[in-house]
Amino acid sequence: MLFRSRRDEAASAFATALAINPAQDAGRAEYVRLLASMGRVGEAVTAFEPLKAAARSDLALAAVGQLLEAAAAIESSGTSASLEAELREALTLSDSPGDRLRLAQWLLLAERWQEAMDELLVIIGRDRSFKDDAARKAMLAAFELCADADLVRTYRRRLSAGLH
């Protein structure tokens, strides 16, 4: 409960700061990430709107846009305290790239970078063009969002090897 309260307080502080100075792109991007991680996808979409144009040329903002797409996809899957278990069970039954992508998106939202990138590499290895190259795009977003440089370096090599 305390963790939820602090996240709500942080979201409120971001909203206040952006009301005072709406041109804070970096702060807005963090606000969008926070809202998405809290499951407040509608608010995150609205908050991301002023960043859309800049996201076309800014990799960090584009990565936040990818994370927001992941949040929207997960939200459309339905919410449940056991969503990860449901996603993993669906994957064992069908092993479809769609189920694997939803699991990877959930893992990205949970900032479980290595697990998410592992799932994305499986999709890329089996069907790179699945959903208009969605797994590769999500992988590039993970590279931008993950703070672990060693992990990113390792998975950049693995992605490169998988694409060639």
Side-chain angles (χ1 to χ4, degrees), residues 7 10 14 24-41 44-45 47-80 82-164:
R7 289 170 35 142
F14 271 121
Q24 298 177 26
D25 288 354
R28 181 174 297 279
E30 287 303 315
Y31 179 51
V32 170
R33 285 180 68 175
L34 176 62
L35 290 173
S37 74
M38 294 170 68
R40 293 166 54 181
V41 178
V45 167
F48 186 73
E49 193 63 36
L51 301 175
K52 274 187 166 181
R56 291 188 198 113
S57 60
D58 183 313
L59 291 177
L61 294 179
V64 173
Q66 282 287 319
L67 190 68
L68 188 53
E69 286 180 28
I74 292 302
E75 182 180 61
S76 71
S77 296
T79 56
S80 158
S82 61
L83 184 57
E84 179 183 10
E86 291 171 24
L87 292 168
R88 288 191 186 279
E89 182 178 339
L91 193 57
T92 61
L93 296 174
S94 73
D95 197 23
S96 77
D99 290 335
R100 192 169 296 279
L101 181 61
R102 279 188 294 284
L103 176 59
Q105 290 169 324
W106 186 88
L107 292 165
L108 286 172
L109 286 172
E111 297 184 3
R112 291 168 52 185
W113 306 114
Q114 184 171 356
E115 292 171 85
M117 289 187 279
D118 283 336
E119 295 297 337
L120 294 168
L121 282 175
V122 171
I123 297 167
I124 292 165
R126 292 182 183 169
D127 183 3
R128 177 181 172 186
S129 63
F130 176 73
K131 282 189 113 174
D132 193 29
D133 215 11
R136 185 189 62 81
K137 291 174 184 174
M139 184 76 111
L140 296 176
F143 293 161
E144 282 295 318
L145 298 168
C146 178
D148 185 338
D150 291 334
L151 183 66
V152 168
R153 192 171 20 264
T154 297
Y155 278 86
R156 278 190 192 278
R157 282 192 300 269
R158 291 183 65 191
L159 175 62
S160 180
L163 293 177
H164 299 294

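Only heavy atoms go into these numbers, but all of them, side chains included; no hydrogens, no water, no symmetry mates.
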Item to check | Close side-chain approach of Phe130 to Ile124, heavy-atom, < 4.5 Å | outcome: no
Item to check | Flag side-chain contact, heavy atom, 4.5 Å: Leu34 against Phe14 | outcome: yes
Checklist outcome for this item: CZ (Arg100) and CG (Leu121) are apart, to the nearest 0.5 Å, by 11.0 Å
Item to check | Shortest non-hydrogen separation from Asp133 to Arg128 and the atoms involved | outcome: OD1-O, 2.9 Å
Next on the checklist: Could you check whether any side-chain heavy atom of Arg7 comes within less than 4.5 Å of a side-chain heavy atom of Ser37, counting everything from C-beta outward?
Outcome noted: yes
Item to check | Distance-only polar pair, side chains of Tyr31 and Arg28, donor-acceptor under 3.5 Å | outcome: no
Next on the checklist: Could you walk me through whether Asp95 and Arg126 satisfy the salt bridge (Lys or Arg N to Asp or Glu O under 4.0 Å) test, starting with their C-alpha distance in whole Å, then the side-chain angles of each, then the deciding distance to 0.1 Å, before giving a yes or no?
Outcome noted: CA-CA 11 Å; Asp95 197 23; Arg126 292 182 183 169; 2.7 Å; yes
Next on the checklist: Quick check: do Val152 and Arg156 have side-chain heavy atoms less than 4.5 Å from each other?
Outcome noted: yes
Next on the checklist: If you apply the rule side chain to side chain contact (heavy atoms under 4.5 Å, CB included), what do you find for Leu35 with Val41, and how did you get there?
Outcome noted: CA-CA 7 Å; Leu35 290 173; Val41 178; over 6 Å; no
Checklist entry - Got a second to check how far Lys52's NZ is from Leu61's CG, nearest 0.5 Å? => result 13.5 Å
Checklist entry - Can you tell me how far SG of Cys146 sits from CE of Met117, rounded to the nearest 0.5 angstrom? => result 5.0 Å
Item to check | Residue that, paired with Arg33, satisfies side-chain contact (heavy atoms from CB on, under 4.5 Å) out of Leu145, Leu109, Leu68 | outcome: Leu145
Item to check | Straight-line distance of Leu107 CG to Glu115 CD, nearest 0.5 Å | outcome: 5.5 Å
Checklist entry - Which pair of non-hydrogen atoms, one from Ala104 and one from Ala116, has the smallest distance, and what is that distance? => result O-CB, 3.7 Å
Next on the checklist: Show the nearest heavy-atom pair for residues Arg102 and Ile74, with the distance to one decimal.
Outcome noted: O-CD1, 3.1 Å
Item to check | salt bridge (Lys or Arg N to Asp or Glu O under 4.0 Å) between Asp118 and Arg158, intermediate numbers included | outcome: CA-CA 10 Å; Asp118 283 336; Arg158 291 183 65 191; 3.2 Å; yes
Item to check | Between CG on residue Leu159 and OG1 on residue Thr154, distance to nearest 0.5 Å | outcome: 12.5 Å
Checklist entry - Do the non-hydrogen side-chain atoms of Glu111 and Leu67 ever get within less than 4.5 Å of each other? => result no
Checklist outcome for this item: Residues Ala36 and Ala71: closest non-hydrogen pair is CB-CB, 3.9 Å
Checklist entry - Quick check: are there more than 12 heavy atoms from other residues, nucleotides or ligands sitting under 6.0 Å from CD of Gln24? => result yes
Checklist entry - Could you state the interatomic distance from CZ (Phe143) to CZ (Arg153), rounded to the nearest 0.5 Å? => result 12.0 Å
Next on the checklist: Between Trp113 and Asp148, does the side chain to side chain contact (heavy atoms under 4.5 Å, CB included) criterion hold? Intermediate values first, please.
Outcome noted: CA-CA 9 Å; Trp113 306 114; Asp148 185 338; 5.9 Å; no
Checklist entry - Is there side-chain contact between Tyr155 and Leu120, with at least one heavy-atom pair below 4.5 Å? => result no
Checklist entry - With no hydrogens and no angle check, is any side-chain donor or acceptor of Lys137 less than 3.5 Å from a backbone partner on Asp132? => result yes
Checklist entry - Is Leu51 close to Val64 at the side-chain level, that is, under 4.5 Å between some pair of heavy atoms? => result no
Item to check | Exercise: identify the closest heavy-atom pair between Ala55 and Phe48 | outcome: CB-CZ, 4.0 Å
